Amino acid sequence: MWDWESIITSFKEMIVVGVPTSLILTVSALILGFVLAILITVMRSLWEGKIAGRLAEMFVIFFTGTPLLVQMFLIYYGPGQFEWVKSTFLWAAFGNAWFCGILALALNSAAYSSQLFYGALKNISQEQWNSCLALGMNKREAFRPLFSLALRRALPSYSNEIVLVFKSTSLVSVIALLDIMGVAREWAGRTYDQLTYFLVAAVIYLAINGVLIAVAKTIESKALAFEK
């Protein structure tokens, strides 16, 4: 028989404690990841075949080819293995679970988002490039307006990335952050009733994902109104 009082209490705790943590992580990671994704896309596009471009490609290969959980462990536990890191200002950041959680999510998001942006840029037709060049622009000058166009066209796919990042915040509980999943794990460990409290967490994730998708679709429709 379900203990409804405990279920309601756990639900409130997930909303009050877990949801703000998950949303702060999501927003922070998306902002940082978006900026890094643009930088990586620029490096891959303007310095293709050169050192900067190859470094950007290696970054993408690593963060898309390894599990996010492994990346999170490497960022959170890795620096602590080096005494020189622990004796510098870097430890103030890498010894903080919030910083490591946001960084891991942002780097992973940046790698996948840059793939979307790079693909959208590659789909810009040669005629559009030629039009910019005919106006007297060089390749780098033409890159700015065409990259802006590519970003808009990548929005439908990027809206999925927003949802994926939010769902990925469920992993930060392994580095002692009390997000939605972290609170659910505490209740499950306290009551030995994993099914009930993980189900409550699933309902919350589902509801918030629905809101995020609706917001993303609204932004997407406005951003792509020029193509209708």
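Bear in mind the structure is a predicted one, so any value in this text is a computation, not a measurement.
Under the 4.5 Å side-chain criterion, counting only non-hydrogen atoms from C-beta, C100 is not in contact with M72. A heavy-atom distance below 4.5 Å is found between the side chains of I208 and L23. At least one side-chain heavy atom of I75 sits less than 4.5 Å from a side-chain heavy atom of L107. The shortest distance between side-chain heavy atoms of I204 and F11 falls below 4.5 Å. For the pair V163/S159, no side-chain contact is recorded, criterion being any heavy-atom separation below 4.5 Å from C-beta on. Taking 4.5 Å as the limit, some side-chain heavy atom of F62 sits within range of a side-chain heavy atom of T66. Using a 4.5 Å heavy-atom threshold, the side chains of S113 and Y158 count as touching.
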Apply side-chain contact (heavy atoms from CB on, under 4.5 Å) to the pair S6 and T191, showing each step before the final yes or no.
CA-CA 9 Å; S6 296; T191 62; 5.6 Å; no
The test is ring-ring contact (aromatic ring centres under 6.0 Å, His included); show your working for Y112 and F63 and say whether it passes.
CA-CA 8 Å; Y112 281 100; F63 282 97; 9.6 Å; no
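Between the S10 side chain and the I7 main chain, a donor and an acceptor come within less than 3.5 Å of each other. Side-chain atoms of T26 come within 3.5 Å of backbone N or O of S22 as a donor-acceptor pair. No donor-acceptor pair closer than 3.5 Å links the side chain of R44 to the backbone N or O of E57. No donor-acceptor pair closer than 3.5 Å links the side chain of N96 to the backbone N or O of A92. The backbone N or O of Y205 lies less than 3.5 Å from a partner atom in the side chain of N209, making a donor-acceptor pair.
Neither side chain, T64 nor Q115, offers a donor N or O lying under 3.5 Å from an acceptor on the other.
Following chains of ILVMFWY side-chain contacts shorter than 4.5 Å, one can reach V60 starting from L36, so the two form part of one hydrophobic cluster. By the rule that hydrophobic residues join a cluster once side-chain heavy atoms approach within less than 4.5 Å of another member, L69 and Y76 end up as members of one cluster. Put simply, V200 and I15 are part of the same group of oily side chains (I, L, V, M, F, W, Y) that touch within less than 4.5 Å, one to the next. In this structure, L103 is not a member of the same hydrophobic cluster as Y77, with clusters built from ILVMFWY side-chain heavy atoms closer than 4.5 Å. F73 and L25 fall within the same hydrophobic cluster, where Ile, Leu, Val, Met, Phe, Trp and Tyr residues are linked whenever their side-chain heavy atoms come under 4.5 Å apart, directly or through other members.
Using cut-offs of 30° and 60° on the angle between ring planes, the pair F94 and F99 is perpendicular.
Here the straight-line distance linking atom CG of L121 with atom OH of Y118 works out to 8.0 Å at 0.5 Å rounding. Here R54 contributes atom CZ and I61 contributes atom CD1; the two are 12.0 Å apart, rounded to the nearest 0.5 Å. Between N160 atom CG and I213 atom CD1 the span is 7.5 Å, to the nearest 0.5 Å. Separation of atoms NZ (K50) and CG (L55) is listed at 13.5 Å; rounding is to 0.5 Å. Note: K12 NZ to I8 CD1 = 7.0 Å, rounded to the nearest 0.5 Å. Atom CE of M43 and atom CD1 of I51 lie 10.5 Å apart (nearest 0.5 Å).
Minimum heavy-atom separation, T41 to A37: OG1-O, 2.7 Å. Between S168 and L105, the shortest heavy-atom distance links the atoms CB-CD2, 3.7 Å. Of all heavy-atom pairs between S173 and M181, the closest is OG-CG, 4.0 Å. Counting all heavy atoms, side chain and backbone alike, A201 lies closest to I180 at CB-CG2, 4.0 Å. Of all non-hydrogen atoms in L74 and P79, the two that sit nearest each other are O-CD, 3.4 Å.
The side-chain contact (heavy atoms from CB on, under 4.5 Å) test with I38 is passed by exactly one of V35, V42, I40: V42.
Remark: K122 engages E48 in a salt bridge, criterion side-chain N to carboxylate O under 4.0 Å.
The list of salt bridge (charged side-chain N to carboxylate O under 4.0 Å, His left out) pairs with a residue in residues 171-189, not counting sequence neighbours, reads E186-R190.
Residues satisfying the ring-ring contact (aromatic ring centres under 6.0 Å, His included) test with Y197, not counting sequence neighbours, are W187.
With a 6.0 Å radius and a threshold of 12 heavy atoms from other residues, nucleotides or ligands, F82 has its CZ atom at or below the threshold.
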